[in-house]
Amino acid sequence: MTGYFDAIPPLTFDPDADGPAFRHYDPDRMVMGKRLADHLRFAAAWWHSFCWEGGDPFGGRTFERPWFPADTMDLAERRVDAAFDFFRILGAPFFCFHDHDIRPEGASLAESRDRLNRVADRMGERMADGGPRLLWGTANLFSNRRYMAGAATNPDPDVFAHAAATVRDCLDVTHRLGGENYVLWGGREGYETLLNTDLGRELDQMGRFLSMVVEYKHRIGFKGTILIEPKPQEPTKHQYDFDVATVYGLLKRCGLETEVKVNIEQGHAILAGHSFEHEIALANALGIFGSIDMNRNDPQSGWDTDQFPNNVPDVTLAYYEILRGGGFTTGGTNFDAKIRRQSLDPADLVMAHAGAMDVCARGLTAAAAMLEDDRLEAARRDRYAGWDRPDARAMLDPGATLDGIADRASAAGLDPHPVSGRQEILENLVNRYV
């Protein structure tokens, strides 16, 4: 231990504990033939947990931590040790990072790369010493002012080239550390006004950049999944990776729909006007589901507040769609969430994650029970049972025509009557489990 988290012992599963413990998350509990830990694949986010200083638009830093401001390599390496102490307490099997989270930016691309590799060496040592694995890495292509008009979509080709170098270096480190995925989030890949924007040009640039990332992944032998994280706006007025459907359209346009999947964040789904479970279900239907960022937004705020999840029914419906789709493969549950700026103590950070892990454990076990009981799926199958008839299936065959189907309907004198969707009954059924 390096000092900051010394007073907190490693958490264990103890449903009757008064002190710090997991009350619902038992990592070794078997659910649907698999350990709960292997279903959930929890990860801690480096940026919110170890970089965020507690500021907001009306006030600066509220957190006092021994590695702040982490603007030197010594402080960055001290932060690595504190982070791995935290991971040991939590027992989470994974973590995630941006390049900008783990090293101070250098005066040049070469210096930034050297610093990234130096910190990655330290992280690799701690990982080899029993630390967690890397769920995914990503490059910060939105904070520096050079990216104010985008990275891949920037009107300046030199910014495009700088972003390419940054992603290459970060993907190299992700590969070296055994990362299971690599994420691209286009926080500035969008526009503020159409008055100065060439949409077609920017979409072409974004598509070509993505294609080059995939090409490079294969060249270096990276076996992980490339993920895009959709978000409709914030910081830009409109982002080109608006939601799952929009990302799928981009992937189809570039011929990458079998190469790239999505990392879906709960808060981003809400900002896009969808539910979390909708985005997961659609990604599964389109064959591009990869991973999730678990958090929640404040319902009274119109922006991304990145709070820890605390609503078991909502989480249950999300995990239900994940389990219906076969569960995670390379993905997992990353807590893209931060404690509130008045939560100053080390225990606040630990217990925020512990509580969220308990909520997710309750949600997944409830979802598994619903899926195994099969009552929801039986109702779904019954609703579409008419499509099992040979004449119904024939209407979807390549040789079927609109006028042929119309003639058959007229000859048969079809006069179909609606059948209840039973929505309230099904909602009541869900409530029995949560």
Side-chain angles (χ1 to χ4, degrees), residues 39-41 135-136 181-187 189-190 203 206-207 210 214 225-234 238-297 299 304 309 311 313-334 336 360 363-364 366-368 370-371 376-377 379-381 383-384 387 396 421-423 426-427 430 434:
H39 274 297
L40 291 163
R41 291 169 60 86
L135 186 65
W136 50 259
N181 308 271
Y182 184 83
V183 169
L184 294 162
W185 177 62
E189 311 293 17
L203 288 171
M206 187 173 177
L210 180 58
V214 172
T225 306
I226 302 296
L227 302 172
I228 291 179
E229 183 170 322
K231 189 177 183 182
Q233 74 273 336
E234 192 195 58
H238 173 84
Q239 289 178 204
Y240 298 137
D241 51 8
F242 190 96
D243 59 7
V244 168
T246 306
V247 169
Y248 185 71
L250 173 67
L251 296 179
K252 288 288 286 186
R253 185 175 189 238
C254 301
L256 296 174
E257 67 274 16
T258 62
E259 290 277 4
V260 179
K261 299 184 185 298
V262 286
N263 179 55
I264 304 169
E265 180 175 319
Q266 195 271 358
H268 296 179
I270 301 302
L271 289 179
H274 306 306
S275 68
F276 195 20
E277 60 267 24
H278 163 86
E279 290 287 84
I280 295 168
L282 181 59
N284 272 325
L286 297 173
I288 60 170
F289 176 73
S291 193
I292 63 170
D293 277 4
M294 180 64 81
N295 57 20
R296 81 179 197 274
N297 286 354
D304 199 10
N311 187 310
D314 284 351
V315 168
T316 298
L317 294 176
Y319 280 120
Y320 187 80
E321 295 301 334
I322 291 171
L323 292 176
R324 278 190 70 224
F328 294 118
T329 52
T330 63
T333 302
N334 173 49
D336 191 354
C360 290
L364 188 135
M370 288 195 296
L371 198 59
L376 283 175
E377 295 310 303
R380 196 191 313 264
R381 290 192 298 271
R383 189 175 188 217
Y384 292 93
W387 284 97
L396 303 180
R422 303 172 63 210
Q423 177 175 334
L426 297 176
E427 289 172 342
V430 169
V434 299

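Note that the numbering runs from 1 along the sequence shown for the chain.
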Judged by atom type as modelled, is there a donor-acceptor pair below 3.5 Å linking the side chain of Asn334 to the main-chain atoms of Asp293? no
Flag yes if more than 12 heavy atoms outside Arg380 fall under 6.0 Å of its CZ atom; otherwise flag no. yes
Atom CG of Leu364 and atom OH of Tyr319: how far apart are they, to the nearest 0.5 Å? 6.5 Å
Close side-chain approach of Val262 and Pro230, heavy atoms under 4.5 Å: yes
Among Val315, Thr316, Leu317, Asn311, whose side-chain contact (heavy atoms from CB on, under 4.5 Å) with Pro313 holds? Asn311
Find out whether Trp185 and Gln239 are in side-chain contact, i.e. whether some heavy atom of one side chain is under 4.5 Å from a heavy atom of the other. yes
Kindly compute the distance separating OG1 (Thr246) from CG (Leu251), expressed to the nearest 0.5 Å. 11.0 Å
Side-chain heavy atoms of Met294 within contact of Cys360, under 4.5 Å: yes
Let me confirm one number: the CD1-OG distance from Ile264 to Ser291, rounded to the nearest 0.5 Å. 9.0 Å
Should Tyr320 and Leu376 count as side-chain neighbours, where that means a heavy-atom distance under 4.5 Å? yes
Is there a donor-acceptor pair under 3.5 Å between the side chain of Thr333 and the backbone N or O of Leu40? yes
Side-chain contact test, heavy atoms from C-beta onward, threshold under 4.5 Å: evaluate it for Ile226 versus Glu259 and give yes or no. no
What do you reckon, is CZ of Arg381 surrounded by more than 12 foreign heavy atoms closer than 6.0 Å? yes
I'd like to know if the side chain of Asp243 and the backbone of Glu279 have a donor-acceptor N/O pair within less than 3.5 Å. no
Would you say that Leu396 contacts Trp387 through its side chain, given a criterion of any heavy-atom pair below 4.5 Å between the two side chains? yes
Quick check against the 3.5 Å criterion: does Arg324 have a side-chain atom that pairs as donor or acceptor with the backbone of Leu371? no
Is Glu321 reaching over with its side chain to a backbone N or O of Glu277, donor-acceptor style, under 3.5 angstrom? no
Taking Asn284 for its side chain and Phe289 for its backbone only, find out whether a donor-acceptor pair lies under 3.5 Å. no
Can you tell me if Lys231 uses its side chain to pair, donor with acceptor, with the backbone of Ala272 under 3.5 Å? no
For a 4.5 angstrom cut-off between non-hydrogen side-chain atoms, does Glu189 reach Asp241? no
Looking at Ile292, is its backbone amide N or carbonyl O close enough to the side chain of Asn263 to form a donor-acceptor pair, meaning the two atoms are under 3.5 Å apart? yes
CD1 of Ile228 to CD1 of Ile288, rounded to nearest 0.5 Å, is 8.5 Å
Can you tell me how far apart OH (Tyr248) and NZ (Lys261) are? Round to the nearest 0.5 Å. 10.5 Å
Measuring only between side-chain heavy atoms, which start at C-beta, is Leu250 closer than 4.5 Å to Tyr240? no
Heavy-atom donor-acceptor pair, Asp304 side chain to Gly267 backbone, under 3.5 Å: no
Presence of salt bridge, Asp314 and Arg296, under 4.0 angstrom: no
